[in-house]
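Below is one structure, written out as C-alpha cells, with a few remarks after it.
Residue numbers begin at 1 in each chain, while the letters A, B, ... track the order of the sequences. Note that the coordinates shown come from a computational prediction; the quantities given were computed from them, not determined experimentally.
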Amino acid sequence: MSTAYTDPILHWYGANARDLPWRAPDATPWGVLVSEFMLQQTPVARVLPVWHRWMERWPTPASLAAEPSGEAVRAWGRLGYPRRALRLHGSAAAIVERHGGRVPSSHDDLLALPGIGAYTAAAVASFAFRRRHAVLDTNVRRVLARLCSGVEYPPRSQTRAEVRLAESLLPLDPPTAARWSVAVMELGALVCTARTPRCVDCPVTGQCAWQRAGRPAYDGPPRRGQTYAGTDRQCRGRLLAVLRDAEGPVEKGALDVVWADAVQRERALDALIADGLVDPLDDGRYALPA
DNA sequence: TATGCGTGGGC
DNA sequence: TGCCCAAGCAT
C-alpha cells in the first residue's frame, strides 16, 4: 500500500540512486543474479571490479556452467566466503539443466537454486523481473526499525513481524514495489547507515519514529562481534589463496608454510575439501576443483 | 535458532 | 588501534 513514506523515498531514490551496472537498463537477469551473490555480506565497492570481469568472461549461465567450478572460485578472488562462488556455479548449472539456460523469474524457482535464500530470491524476482516481493535485507531491516519501530537497530534475527511490516508497506503495483524495495535499500546504504546515520539528508526524517523519539541509543543485547585473527576462517582463507594464486596443482608443502599450527591447518584443509573448494589429487598435490 | 563461513575499509 | 560493519546462506 501507499504510505506517507512512499513518495518521498521514491523521489529521493530518483535523485540519489547510484549508477550501478546491475541496475542499468541493459542489465540481464543473470547480471542481477551474479551481483546478488557477490553482494551477500560484501560491500559494493569491492564487488564492482569482480562483477565486470565475471560478466565479460561469463555473460550467460551456460558459459559459467561449461567451466570447472574451480575457475569460479579462482575468479571470485578475494571477495570472501568462496562457497558463494561454488554455489553460483551450481546455480548456473541448475539454470541450464532445469530452466533451459534462462534465469527463472519466480520466487519459488529461484529459492530452489543453491546459495539462494529468501532475500536473494526476492531481490532477483523483484529487480530483474519487476515482481512484487518484500525484499528484506540488512539495510531495509534497519530503515524500518528506525522509521516505523523507533529503535536504532532491528532484532538480531529476522522476525515475522518484520516480514509483515515490509509486506504491508509494499506498493500494490509490482514495478513500483520493485522500485520501492531498491529505494529503501539504497536509503539504508547511503543515508540510514548503521554507524553514523545522515539524518539531515533523509527524505523522511520528519516521519521517522526513531528521530521523533530523540534517537535513543540501542539498548538491546550486545550485537555479536566477529573475531577473525587465528580462527579456522583465517586459516581457510590463507590456504585457498595459495591455490587461487597458483597456476595449477600445488605441493602440500606450499600449503604448510602459510599456517604454523599443523592441527588447525589440517582441520581447515579437510573442511575445504569437504566443502568442495579444494580437490586432493591422487599424486598428493592439491588443486582447485575441476 | 545459533553458529560458521572471508575480507578489507572506515572511524 | 581495534572494533564494527558489509545487498546472507546452510546446517
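- Against DNA chain C, the stretch residues 160-195 of chain A makes heavy-atom approaches under 4.0 Å through A/M185, A/A194, A/R195.
- A donor-acceptor pair under 3.5 Å is formed between the side chain of A/R84 and the backbone N or O of A/Q40.
- Scanning residues 110-140 of chain A for heavy-atom distances under 4.0 Å to DNA chain C yields A/P114, A/G115, A/I116, A/G117, A/A118, A/Y119, A/T120, A/D137, A/T138, A/N139.
- Spacing between C/dC5 and B/dC5 at atom C1', rounded to whole Å, works out to 16 Å.
- Side-chain atoms of A/R23 come within 3.5 Å of backbone atoms of A/R18 as a donor-acceptor pair (strictly under, hydrogens ignored).
- A/Y153 carries A/R146 over the face of its six-membered ring, with the cationic atom under 6.0 Å from the centre and within 45° of the normal.
- Neither A/W210 nor A/L169 shares a network with the other; the hydrophobic side chains, linked directly or stepwise wherever heavy atoms of I, L, V, M, F, W or Y lie under 4.5 Å apart, form separate groups for each.
- Across all strands, A/W76 comes closer than 4.0 Å to no nucleic acid atom at all (heavy-atom distances).
- Contacts between residues 238-262 of chain A and DNA chain C, defined by a heavy-atom separation below 4.0 Å, involve no residue at all.
- A/L172 belongs to no hydrophobic cluster with other residues, because no ILVMFWY side-chain heavy atom falls under 4.5 Å from its own, directly or through intermediates.
- Within a heavy-atom distance below 4.0 Å of DNA chain C, the residues of residues 27-52 of chain A found are A/E36, A/L39, A/Q40, A/Q41, A/P43, A/R46.
- Judged by distance alone, with hydrogens and angles left aside, the side-chain atoms of A/R244 form no donor-acceptor pair with the main-chain N or O of A/V73 at under 3.5 Å.
- In this structure, A/S2 has no side-chain hydrogen bond (donor to acceptor under 3.5 Å, both in side chains) partners at least two apart in sequence or on a different chain.
- Side-chain N or O atoms of A/E71 include none that pairs as donor or acceptor with a backbone N or O of A/P68 at under 3.5 Å.
- Between A/E167 and A/R164 no salt bridge is recorded (no basic side-chain N to carboxylate O distance below 4.0 Å).
- Rounded to a whole Å, the NE2 atom of A/H89 is 19 Å from the C1' atom of C/dC9.
- Taking atom OH of A/Y153 as the reference point, atom C1' of C/dA6 lies 13 Å away to the nearest angstrom.
- Phosphate contact (OP1/OP2 of B/dG8, side-chain N/O of A/R78, threshold under 4.0 Å): present.
- To the nearest whole angstrom, the two C1' atoms, one in B/dG8 and one in C/dA10, are 24 Å apart.
- A/R84 has no side-chain polar atom (N or O) that falls below the 4.0 Å cut-off from OP1 or OP2 of C/dC9.
- Considering only side-chain N and O atoms, A/R23 lies nowhere under 4.0 angstrom from the phosphate OP1 or OP2 of C/dA7.
- Using a 4.0 Å heavy-atom distance criterion, A/R18 is classed as a base contact.
- Across all strands, A/R83 comes closer than 4.0 Å to base atoms (heavy-atom distances).
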